[in-house]
Amino acid sequence: MTVHVPTSLDEAVQLLVANPTARLLSGGTDTMVEVNFNRTKPEAVIALRRIPSLREYSIGPDGIVIGAGVPYASMETGPLAQALPALAAAARTVGSPQIRAAGTLGGNLGTCSPAGDGLPVLSALNASINLRSPRGTRTVPFAEFMTGVKRNSRATDEIIESVSVAPTTGFQDYAKVGVRNAMVISVASVCFVHDRNTSSVRVALGAVGPTIIRAREAEDWLAGRVDASKQLPPDGALATEFARLVASAARPIDDHRSTAAYRRHAIEVLARRLYLRSTT
Amino acid sequence: MKNATPTTTRSKGRDILGTSALRPDGVAKTQGNFAFSSDFQAENMLWGATLRSPHPHARIVSIDPTEAWKIAGVEAIIFADDVPGKPTYGLISSDQPVFARDVVRYMGEPIAAVAADHPETCRRAIAAIKVVYEELPVLSDMDVAIDPATPPIHSDGNVFRHQRIVSGNPDVVGDVVVEGTYDIGMQDQAFLGLEAALAYPDPGGAGVELVVATQWLHEDRKQIADCLALAPDKVRLVLGGVGGAFGAREDISLQVHTCLLALRTGRPVKVQYSREESFFGHVHRHPGRIHLRHHADRSGKLVKIEGWMKLDGGAYASTSAAVLINGITHLQGPYACENALLDAWATRTNNPPCGAMRGFGVVQACFAHEGQMDRLAEALGMSPVEIRLVNAMKTGDKLFTGQIVDSVAPVARCIRETAAIPLPPEPVRQTGSLELPGGSGRTSDPAHIRRGVGWGVSIKNLMYSEGFDDSAEAKCTLADGVATLKFATAEVGQGFVVLAQQIARTVLGVDTVILDTIDTQIGSAGSTSASRQTWMSGGAVDGACRLVRERLFEHVAHIHNLDPLQLAIEGTEIVDTLGPLRVTVAEASAGLRVEQTFVHRHRPTEELDENGQGNCHVAFAFVAHRAVVDVDTDLGLVKVVQIATAQDVGQVLNPLALLGQIEGGIAQGLGLAVMEEIVVNDGIVRNPSFTDYLLPTALDAPDVVAIPIEEYEPLAPLGAKGVGEPPCISVTPAIVAAIRNATGRDIMRTPVRPQDICLPA
Ligand SMILES: Cc1cc2nc3c(=O)[nH]c(=O)nc-3n(C[C@H](O)[C@H](O)[C@H](O)COP(=O)(O)OP(=O)(O)OC[C@H]3O[C@@H](n4cnc5c(N)ncnc54)[C@H](O)[C@@H]3O)c2cc1C
């Protein structure tokens, strides 16, 4: 196995052209598990950690750009956490401190597991994924990026460079159910974003379908009943009906981690709670 | 542990009995220098690996290793026909094939083993062996297994053992009767140090030496020697560093395979399991179903216990028969009751084999009898504490097996002292706090959390039962003021290595105690299980040291013309209790070499008769647990806030080591209460990894407030009871009772899953 350690994104793009089957490596927290379980045997690896631009983020009036190599640890606190509280909440639920120090959004997107904790946040924030290839930069909305269980629309010669998020004002949060109080794969999760700038509420669901699911029907229903340019009303009945609609968007399955019935129920409870949290 | 009352403090700074002496292997373990079994390497070493069945039940139509042999670096491929001795092994009955020949009976059953120059070569070779299977119907249900109409999946039949207990007047009826059916999931021991062994063949294959992580060197040796067709003394076992055991290393796993590969190739061979393979490589805790009907009079006193217990032993016998006896004889709980009518079965199915795990049948029994005590309390309008105090067993009581409890039995005291531990304050809960149910997932809002309190009390037998000739041997050598101890006691993390040193320092007045290699070059110490090594090997070390002391006193008395009976050890000195003589042990033993061996045996026990009557157990230990939980009732998520416990321990020999057992046992019992379960569907294991087999993390661990109930046990050589198993038994029902208390739901199975709490049954 050969390991390439580029120090710029251009170099990485060239290396990927020269080694089309090479495995891109960021924090390695998904890749090493696959290697250990013998699910993958990379002949060549392109390690992205030494590319400074991937490990940077910027917060400006036009939006927030997060490099694909920014680890979760950098999202938990500090300016990113202030700008994107839901992302901070999601980051805090990921694995253990060791995993959060190594794992990245780029890796979460690269793997594209429906249980990936960063993904519902990107979905609810209407994030765009910026992909770099010899053909230049391509920007794909998250909804078009994730196409199935561990499948995405990244072309084989593309490297995820960053994600972009438009600025939002208003409440946002992420909550995740797992059968342990830490270090656990999601059984069901909800990201709730109230964006007063666009007068909208956006809700994304994790681990209850082949992709991250946006609860569009619930979003539209709510839009017809509240003025989302202001704080949402602390209306329990409204929250209940909204949560019911959110849960109806879920497409959960029974497996060894949980049951479809519980997952749907958990989505409903979380959606109601997050709505009400947003009103206080 | 908070607020724990230290019972003993260090005396004069010497690490004698009663002090929190530190383990000799502690620093190496915390710094990562300790050599675990998986760390051993040999020159010219080959690696071994095992081919396992992907099916829970299938006929092996054909096996073709041709392609595997073509892989460069492959040195040996062995099958059932290559086992020179007995083709099967087992702790109680020898029914488990070293390699499956015609049929596989559980997912993961070994079929072949390979030795090669590299683990990766092994992996490829294993994948290249072509096995054609014809799948057979899977027997996965205990009731179907018990049904005599079901065709047997093994020539020994589908029931490992049936036992009945008929005691007192089985027709008597109580004023109050409560009934319940309880289910227990399959727990894994989940030790961190994976199975690993390294075998060195003797020249010409005359014998073999095996470095291995195990719980019982001599029993392993016996089974290995039988399978290899070697005399036992040609098989030498050395204990590799053991990273936990909890019962999972009582049965052999990779031992015979590793030795066979080494003997076949004439080279050292190392086998090491991955975590996934470990889930298939060792036995688990029996899942079970228990139905009980408790009769009581108006005052709450138990009148009769009836019902049945079914434990699923999986494909092979392992220790199922013994687990079953432990289970049924402990269905009584720590409560006086002489009338009983009970039946118990251990079944054979195509599920993973089950055997020993910390608590050994009593965990299952306790989950059921404690559920019943709460139901009784409710039916009688009593509190959980009252019902347990009314029935608390005491020394001299007769069990429903007819055996008299002559151990110290401070059951009421355990309950009272636990009850006296202050409940944790209800905190000001904040949304998003890691301390809430749901933890880092930040799912809970304070308004949806309910607090519950629950109780569990248990009785646990110590040592082996039913007439087993249980012994432990130790040798003590004193030379120039230094004691050397030799024993075959498996140190699996429990800390016998420090206890043995403490004993020698106390008895002999030495400070330096060297521990010889733990191997089969001395008689058996028995298994490190059944809470028995402090009692058994502790008794053996104590006995050997006392014999050495006698010789030393004789020597000193001879020189000074005294009666040896006048002499005593005081600190590090020998003193004349009737005169002025005072000489250090170091001086007195200069130039001297005294060596003594001692074998400790516990009093004999007997088998149960067909009515379940007999003095089958040696001694008992008791403990009470009170659990406080916070439950998010809408999401069904649980945070165990506090476990209060008072444990009957006899004499405390090392407060720190005791604490380790208590806190560790509680974490393990908590795991069984709320998350740990091997999920098996039709014989297929669904979660053989730590991604999906969940163990408690630091955020799941509760505050533990522990009080040792220190009453000297006259039956025990050091006055100390075993403390390994009791902490993990009644904590599970206590937590589940607390969840019932918080939710008002009749939860009848463990582990409790979120859907059991928040969805309709
Ligand atoms: C113990 C443990 C606990 C975990 N807990 C969680 C959890 O709670 N929640 C959760 O969501 N995940 C969890 N994970 C999974 C993992 O940590 C995350 O998915 C993480 O985001 C992966 O990031 P990484 O940088 O380590 O990815 P890597 O392993 O480096 O890469 C993952 C995949 O993405 C590709 N890739 C990486 N970077 C790029 C890029 N810039 N462009 C294109 N492709 C790229 C890689 O080729 C690979 O296919 C856990 C993993 C472990 C081992």
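Every chain is numbered from 1, with letters handed out A, B, ... down the list of sequences. For the numbers below, each heavy atom of this structure counts, side chains included, while hydrogens, waters and symmetry mates do not. This is a predicted model, so every value here is computed, not measured.
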Trainee: Is it the backbone or the side chain of B:Leu434 that comes under 4.5 Å from a heavy atom of chain A, or both, or neither?
Mentor: neither
Trainee: Nearest 0.5 Å, what's the CG-CG distance between B:Asp445 and A:Leu270?
Mentor: 9.5 Å
Trainee: Would you say A:Tyr262's side chain and B:Leu635's backbone share a donor-acceptor pair under 3.5 angstrom?
Mentor: yes
Trainee: When you measure from the side chain of A:Asn181 to the backbone N and O of B:Asp700, does any donor-acceptor pair fall under 3.5 Å?
Mentor: no
Trainee: Which one wins on heavy-atom pair count under 4.5 Å against chain A: B:Glu120, B:His448, B:Glu276, B:Arg275?
Mentor: B:His448
Trainee: Are any side-chain N or O atoms of A:His256 and backbone N or O atoms of B:Val680, one a donor and one an acceptor, separated by less than 3.5 Å?
Mentor: no
Trainee: By a 4.5 Å heavy-atom criterion (distance strictly below it), what part of B:Arg442 contacts chain A: side chain, backbone, both, or neither?
Mentor: both
Trainee: If I compare all heavy atoms of B:Val674 with all of A:Val179, which pair ends up nearest, and what's the gap?
Mentor: O-CG1, 4.1 Å
Trainee: So which of B:Asn687, B:Asp692, B:Thr431 has the largest heavy-atom pair count under 4.5 angstrom toward chain A?
Mentor: B:Asp692
Trainee: Taking every non-hydrogen pair under 4.5 Å, which of A:Val94, A:Val190, A:Asp173, A:Asp255 racks up the most with chain B?
Mentor: A:Asp173
Trainee: Answer with side chain, backbone, both or neither: which region of B:Arg123 has an atom nearer than 4.5 Å to a non-hydrogen atom of chain A?
Mentor: side chain
Trainee: Is chain B contacted by the side chain of A:Phe37, its backbone, both, or neither, given a heavy-atom distance below 4.5 Å?
Mentor: side chain
Trainee: Between A:Arg180 (side chain only) and B:Leu695 (backbone N and O only), is there a donor and an acceptor less than 3.5 Å apart?
Mentor: yes
Trainee: Any chance CZ of B:Arg450 has more than 12 other-residue heavy atoms, nucleotides or ligands included, within less than 6.0 Å?
Mentor: no
Trainee: So which part of A:Asp117 gets closer than 4.5 Å to some heavy atom of chain B, the side chain, the backbone, both or neither?
Mentor: neither
Trainee: Side chain to side chain contact (heavy atoms under 4.5 Å, CB included) between B:Leu759 and A:Arg264: does it pass, once the steps are laid out?
Mentor: CA-CA 11 Å; B:Leu759 291 187; A:Arg264 189 183 296 282; over 6 Å; no
Trainee: What's the shortest heavy-atom distance between A:Ala182 and B:Ser440, and which atoms?
Mentor: CA-OG, 3.6 Å
Trainee: Roughly how far, to the nearest 0.5 Å, is CG of B:Asp634 from NE2 of A:His265?
Mentor: 6.0 Å
Trainee: When heavy-atom pairs shorter than 4.5 Å are enumerated against chain B, which of A:Arg92, A:Glu268, A:Arg257 gives the highest number?
Mentor: A:Arg257
Trainee: Side chain from CB out, backbone as N, CA, C, O: work out which of these in B:Leu637 comes under 4.5 Å of a heavy atom of chain A, or both, or neither.
Mentor: side chain
Trainee: Which of the residues B:Arg753, B:Lys639, B:Gln755, B:Glu677 is involved in the greatest number of heavy-atom pairs with chain A at under 4.5 angstrom?
Mentor: B:Gln755
Trainee: Any heavy-atom pair between the side chains of B:Pro754 and A:Val177 that's under 4.5 Å?
Mentor: no
Trainee: Which atoms of A:Arg273 come close to chain B, meaning under 4.5 Å heavy atom to heavy atom: side chain ones, backbone ones, both, or neither?
Mentor: both
Trainee: What part of B:Pro751 gets closer than 4.5 Å to chain A, counting heavy atoms only: side chain, backbone, both or neither?
Mentor: neither
Trainee: Relative to chain A, which segment of B:Asp632 carries a heavy atom at a distance below 4.5 Å: side chain, backbone, both, or neither?
Mentor: side chain
Trainee: Please round to the nearest 0.5 Å and tell me the distance separating atom CG of A:Asn38 and atom OG of B:Ser274.
Mentor: 9.5 Å
